[in-house]
Participant: 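One structure, as structure tokens, below. Some questions next.
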Number of protein chains: 2
Amino acid sequence: MILSRIILGLLDLTPMTGADLKRHFDTTVNHFWSADKAQIYRTLGTIVDDGHATVTVVPGTNTPDRLEHHLTPAGREALHDWLRSDLDRQPEREAFLARVFLADALDDDELSALIEQRRALALARQGEFEAIRDAMPEPATRAEHLRFATLDHGLRHVQVELDWLDALEEQLP
Amino acid sequence: MILSRIILGLLDLTPMTGADLKRHFDTTVNHFWSADKAQIYRTLGTIVDDGHATVTVVPGTNTPDRLEHHLTPAGREALHDWLRSDLDRQPEREAFLARVFLADALDDDELSALIEQRRALALARQGEFEAIRDAMPEPATRAEHLRFATLDHGLRHVQVELDWLDALEEQLP
DNA sequence: AGACGCTAGTCGATCTGTCAACTAGCGAAG
DNA sequence: CTTCGCTAGTTGACAGATCGACTAGCGTCT
């Protein structure tokens, strides 16, 4: 459902093939949604079945033929409907917090290692986000502001994660 | 996988039935993991099949019989192994950010409504977290500190979400 | 007595996501 | 010329999660 709406949104920017979409899910959109190749192609199939996109074959010159998907008016409307629909509280799923909750079974060294691993992951994400941000042009249009905001969201959350890790390390007896 | 480990961790505290576990997933553990009734019972089945817990029937007096699950040494070891295993980066999945990313298709009023809805959800979560925190005793043992930390994590992230929403509203042209 | 409702537990269908293997065409390296 | 690697797309099997319906016993309300 959400994946299909994101795909409609990306197709709205420009017609794309499954491979193009996979590239988006690995780069521009990766910080809030990722998707498997197989899943993208299958979802693309149902999008076409629903009449939300049409397919044109673009003969590849030195690559295989590409199936370019074009958003239809019905697809654009489905996207718009979704954007206006009510937000649902989606369930929290934080495997790391589950470990912390149960971590009293670990000794002090193992617990420190757990925290350090999490810090390393957070720092890595921070680096990636900053690299993407620094490669972005200064946001000018509203659309660019919105895209930038999703990155800023990630950066702020990574920062608070790092702060929390510092506090946790200090607090532990 | 993660669900089964959380269940092992909860069974480590005290033997429980599926219904007891469901209560935990709806309350104490809800802020970082939730689970469906059917899923809990099925996972409990595989936990028993794996030899990680044994079942004893506790005859109900004015309720149906309860199937109490007791952690075995093998189960405790599986839990401990998981706690020490390497953290994996888990994929981000933020449906709300997907909407923001694509929200240029909305007019100004619809966009404000989207932001307001998100703020309302964040404030609701903040209220719930604070209520749980205020009902908790001052953490004394290490185990209590760790449980408290998972709540603190939620509170800090909610706060940064609210700050980000404020910033977003100001920035938009 | 009959209708509800609560609790504990079970089941089937379905959806989403993940992994790995696979076809098929082209170009470049050896 | 064969092998290798790249790209685009397809498929089957499976795990995890979700929904709704269901059995069954007991208590209470009318």
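Numbers restart at 1 for each chain; the letters A, B, ... are given by sequence-line order, proteins then strands.
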Participant: What residues, two or more places apart in sequence or in another chain, satisfy side-chain contact (heavy atoms from CB on, under 4.5 Å) together with A:Arg133?
Facilitator: A:Glu130, A:Phe148, A:Leu151, A:Leu155
Participant: From CD1 of B:Ile47 over to P of C:dG9, roughly how many Å is that when rounded to an integer?
Facilitator: 14 Å
Participant: Which distance, rounded to the nearest 0.5 Å, do you find between the CD of B:Glu92 and the NE2 of A:His153?
Facilitator: 9.5 Å
Participant: I need the CD1-P distance between A:Ile6 and C:dT16, as an integer number of Å.
Facilitator: 13 Å
Participant: Using atom CG of A:Leu3 as one end and atom P of D:dA17 as the other, report the distance to the nearest whole Å.
Facilitator: 18 Å
Participant: With a 4.0 Å heavy-atom cut-off, tell me which residues in residues 79-99 of chain A come close to DNA chain C, sorted by residue number.
Facilitator: none
Participant: Under 3.5 Å, is there a donor-acceptor pair between the side chain of A:Arg118 and the main chain of A:Phe96?
Facilitator: no
Participant: Would you say a side-chain N or O of B:Gln39 is under 4.0 Å from OP1 or OP2 of D:dG16?
Facilitator: no
Participant: Angle between ring planes, A:His157 versus B:His157, binned at 30° and 60°: parallel, tilted or perpendicular?
Facilitator: parallel
Participant: Side-chain donor-acceptor pairs under 3.5 Å in residues 2-14 of chain A, sequence neighbours left out?
Facilitator:
residue: A:Ser4; atom: OG; partner: A:Met1; partner atom: O; Å: 2.7
residue: A:Asp12; atom: OD1; partner: A:Arg76; partner atom: NE; Å: 3.1
residue: A:Asp12; atom: OD1; partner: A:Arg76; partner atom: NH2; Å: 3.3

Participant: Whole Å only: how far is the CG atom of B:Asp26 from the P atom of C:dA8?
Facilitator: 12 Å
Participant: For B:Lys22 and C:dA8, give me the distance from atom NZ to atom P, rounded to whole Å.
Facilitator: 13 Å
Participant: Could you pull out every donor-acceptor pair under 3.5 Å between side chains of residues 43-59 of chain B and any protein atom, sequence neighbours left out?
Facilitator:
residue: B:Thr43; atom: OG1; partner: B:Gln39; partner atom: O; Å: 2.7
residue: B:Thr46; atom: OG1; partner: B:Thr43; partner atom: O; Å: 3.0
residue: B:Thr56; atom: OG1; partner: B:His70; partner atom: NE2; Å: 3.0

Participant: Starting from C1' on C:dT18, measure out to CH2 on A:Trp33 and report it in whole angstrom.
Facilitator: 15 Å
Participant: Who else is in the cluster with A:Val160 when I, L, V, M, F, W and Y are joined by side-chain contacts under 4.5 Å?
Facilitator: B:Val160
Participant: What integer distance in Å separates B:Arg5:CZ from D:dG16:C1'?
Facilitator: 14 Å
Participant: Does the protein touch nucleotides 5-15 of chain D at the base, only the backbone, or not at all? Give it as B, S and - per nucleotide, heavy atoms under 4.0 Å.
Facilitator: --BSBBBBB--
Participant: Rounded to the Å, how far apart are B:Phe25 CZ and D:dT18 C1'?
Facilitator: 15 Å
Participant: Using side-chain heavy atoms (C-beta onward) and a distance below 4.5 Å, is B:Glu110 in contact with A:His80?
Facilitator: yes
Participant: I'd like to know if the side chain of A:His31 pairs up with that of B:Glu94 as donor and acceptor (distance under 3.5 Å, no hydrogens or angles considered).
Facilitator: no
